[in-house]
Amino acid sequence: MIGQTGSVPPLLSVKGLRVEIGGHVAVRDVSLVVQPKSVHCLAGDSGSGKTLTSLAAVGLLPPSTTTSGLIQLSGVDEDLLTLDQMSWSSIRGRSIGYVGQNALGSLHPAFRVETQVVEAIRRHRSISRSEARSLAVEELAAVDLDDPERVARSRPAELSGGMCQRVALAMALCNRPSILIADEPTTALDDDTQNHILDLIRARIERDSLGVLLITHDRRVVEQIADEVTTIADGVSSPEPIEPAAKARTVRSANKRRPNNVKGAESVDDAVLQIDGVAKTYDRSRWRRQPPAPILRDVTISAGPGSTVGLVGRSGAGKTTLAQIIAGVLAPTEGSVHIGGRPITGPKRVGRVEKAGLVQYVFQDPFGSLNPRRSTVAQVAEPLIVGGQPAELARHRAIELLIEVGLTPAQIHRFPTTLSGGQCQRVGIARALIRRPRVVVLDEPLSALDRSIRAEILTILDDLQDSTGATYLLISHERPLIERQSDRIYEVADGAVRQR
C-alpha cells in the first residue's frame, strides 16, 4: 500500500455529482477525493454509475447529458462541470490523463500507434517529432509491450485488445499528468501483465506524485493497490471499504460448470467446427518495407456439437486473430475453416447471409461492437430481419431474448451509450445467439464485467447453449475460467496452438 498524504490538498474533488442521461438519472450523489501519491478506487457493479463519474471528471459526457454538483481540479479555479471544450483541450492529456474502458475505440484505426502517441505528446510539449517519437517508444516499452518499435509501427487492428489497452495507458501517461483516471485499465490483461501494469502505476505515483482514480469491478485489484475505496450502487457513493471475500465465494459457487456429455469431435466427420493448418502473416512491406509479421502458424482445431472449446494465452498471443478468422472477418494466409461442413474461408466460402447463420461473434469490446445510433432491440432484431423474418416477428423475438439475458423492459429500448458495459455485453450475446448459429465465438466475453455479473452471464451462456446446441469457442487469458467452462482446451503461445 502507498501511504496516505495527510493534510495535503487534494488533486481532484467530486462533491454531490448528479448525472442525467436520456431522461434517466444514472448518477444521483457521488462524492470522493483523490490525494497526491495515492490510489482511490471507485468500485461497484456493472451499471452502478462508475464510468459516467469518470467521464464527468474528464469532460467527455455525451452532449445530451445534464449534470449538477461540483468537480474541482488542483490548479484550475473553475468547476470542471462548467468548462467548454476549448478549456478542456489544455487540461485533458496534460493535467489529467485518461484511460477509457473501450481502449480500442479510443485509438484511430487508420493511423499507426506512433502517430497517435506522438500527437498526444506534441499537443502539450514543444519538441521535435523525432524527440516525441523516442519518448513514445519509451512509454510503450514501459507498459510491458514486447518489441515497442514494432508496436509503434503497427495499426490498432494489428494488436490484441490487451495490447491496445497498454497503448492507451502509455498515451495517458506520456505527458506526466498530475492525476490519472483509469476506467478498468487491467480487465483485458492476463494476470502477469495486470500485475506489471499495477506496478507501473505505483512507480509513477512515487516518481511523479501522481494521484490515481481507478475504476474497477475487480476486488483483487482493489485489495492490491487501493489506498482509499469508494463504493457506488444505483448512482450513490459510499466511502466505506468493501469486503470482497463473501461475494467471491458466491461467484465461485455460481460459476461451477454443469457436466457436458459432449467432449469435442471424435473425428473430422463429427466436427461442427474444423480448422485445418491455419496461418496468418501480416505483410507490412507497403508501409516501411518491413518484413512479414507471423501471427499464427499451422493451427488445427476441431469441435463437436454442443461443446465448448477453450482458447487460452497471454495478451497478444494471437487469440483474437484466430477468432476473427473463424468468424470470417479476417482471411487466413494459409489453411481453411469449415463450420457444419461449409467453408468459411477461401474462394468458395459461403455468402454473408449464410455465414451469419453458421457463426456469430461476441466481441471483447461490448461498447465498440454496438451501433450507438440504434436502439438495442433494433440491433438484436436485425440479424433475423436480414435472414428473411418479418420485422414485427423479429422485434418480438428480440425483446424476448433481451429479457432472457437479463435486461429490464425499460433497458431494451435504450441506446448503447446509456447502458453499462455489462448491459452492452448482454445485448451482444443476445444479438449473437438470436439466429441460433452453429458456432459462437466468445472473445473475452467477461473481461469488462464485475464478478457478480460474470456469474449471471455464464449461467445465461450455459442455458442458451443447452437450448440451442451451439458450439462455443471461448477465448480468455483467465486459466481458471477456461478450465472450468471448457470441454477441450488449446493454448496459444508465439503463434502456435497446442492442446492441453
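Only this structure's heavy atoms are used, side chains among them; waters, hydrogens and symmetry mates stay out.
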Side-chain heavy atoms of [X] within contact of [Y], under 4.5 Å:
{"X": "Arg155", "Y": "Val113", "value": "no"}
{"X": "Leu42", "Y": "Val229", "value": "no"}
{"X": "Lys355", "Y": "Ile344", "value": "yes"}
{"X": "Val30", "Y": "Ile232", "value": "yes"}
{"X": "Val441", "Y": "Ile475", "value": "yes"}
{"X": "Val359", "Y": "Pro437", "value": "no"}
{"X": "Leu210", "Y": "Val212", "value": "yes"}
{"X": "Val427", "Y": "Pro416", "value": "no"}

If you take all heavy atoms of [X] and [Y], which pair is closest and at what distance?
{"X": "Arg342", "Y": "Glu354", "result": "NE-OE2, 2.8 Å"}
{"X": "Leu407", "Y": "Arg426", "result": "CD2-CD, 4.0 Å"}
{"X": "Ser302", "Y": "Val309", "result": "O-CG2, 4.3 Å"}
{"X": "Ile21", "Y": "Ser64", "result": "CG1-OG, 4.4 Å"}
{"X": "Pro445", "Y": "Gln425", "result": "O-NE2, 2.8 Å"}
{"X": "Thr471", "Y": "Gly306", "result": "OG1-N, 3.4 Å"}

Can a side-chain donor-acceptor contact be found between [Y] and [X] if the only test is distance below 3.5 angstrom?
{"X": "Asp463", "Y": "Gln465", "result": "no"}
{"X": "His40", "Y": "Thr230", "result": "yes"}
{"X": "Asn195", "Y": "Gln224", "result": "yes"}
{"X": "Gln116", "Y": "His108", "result": "no"}
{"X": "Asp443", "Y": "Thr320", "result": "yes"}

Would you please name every residue forming a salt bridge (Lys or Arg N to Asp or Glu O under 4.0 Å) with Arg431, sequence neighbours left out? none
Can you check side chain to side chain contact (heavy atoms under 4.5 Å, CB included) on Val439 and Tyr472, steps first, answer last? CA-CA 6 Å; Val439 172; Tyr472 286 168; over 6 Å; no
With distance as the sole test, does [X] use its side chain to make a donor-acceptor pair with the main-chain N or O of [Y] at under 3.5 Å?
{"X": "Arg28", "Y": "Val236", "value": "no"}
{"X": "Thr300", "Y": "Gly277", "value": "yes"}
{"X": "Thr65", "Y": "Leu61", "value": "no"}
{"X": "Ser486", "Y": "Ile482", "value": "yes"}
{"X": "Asp227", "Y": "Val39", "value": "yes"}
{"X": "Gln379", "Y": "Asn371", "value": "yes"}
{"X": "Arg436", "Y": "Ala470", "value": "no"}
{"X": "Thr345", "Y": "Val337", "value": "yes"}
{"X": "Thr53", "Y": "Gly49", "value": "yes"}
{"X": "Gln324", "Y": "Thr321", "value": "no"}

Identify which one of Val27, Asp183, Ile215 satisfies the side-chain contact (heavy atoms from CB on, under 4.5 Å) criterion when paired with Lys50. Ile215
Applying salt bridge (Lys or Arg N to Asp or Glu O under 4.0 Å), which residue pairs with at least one partner in residues 387-404 are found, sequence neighbours left out? Arg397-Glu400
From [atom1] ([X]) to [atom2] ([Y]), nearest 0.5 Å:
{"X": "Ser307", "Y": "Leu474", "atom1": "OG", "atom2": "CG", "result": "11.5 Å"}
{"X": "Leu402", "Y": "His413", "atom1": "CG", "atom2": "NE2", "result": "9.0 Å"}
{"X": "Thr418", "Y": "Gln411", "atom1": "OG1", "atom2": "CD", "result": "8.5 Å"}
{"X": "Gln423", "Y": "Leu370", "atom1": "CD", "atom2": "CG", "result": "11.5 Å"}
{"X": "Leu17", "Y": "Leu32", "atom1": "CG", "atom2": "CG", "result": "8.5 Å"}
{"X": "Ile295", "Y": "Glu158", "atom1": "CD1", "atom2": "CD", "result": "7.5 Å"}

Flag the pair Arg479 and Glu491 as a salt bridge only when some basic side-chain nitrogen lies within less than 4.0 angstrom of an acidic carboxylate oxygen. yes
Leu180 and Ile205: side chain to side chain contact (heavy atoms under 4.5 Å, CB included), yes or no, with the steps? CA-CA 10 Å; Leu180 172 69; Ile205 289 172; over 6 Å; no
Does the side chain to side chain contact (heavy atoms under 4.5 Å, CB included) test come out yes or no for Leu311 and Leu322, once each step is laid out? CA-CA 10 Å; Leu311 202 62; Leu322 179 58; 3.6 Å; yes
Tell me whether the count of non-hydrogen atoms from other residues, nucleotides or ligands lying under 6.0 Å of CG in Asp234 goes above 12. no
Passes side chain to side chain contact (heavy atoms under 4.5 Å, CB included), Leu214 versus Ile225? Steps please. CA-CA 9 Å; Leu214 185 68; Ile225 198 171; 3.8 Å; yes
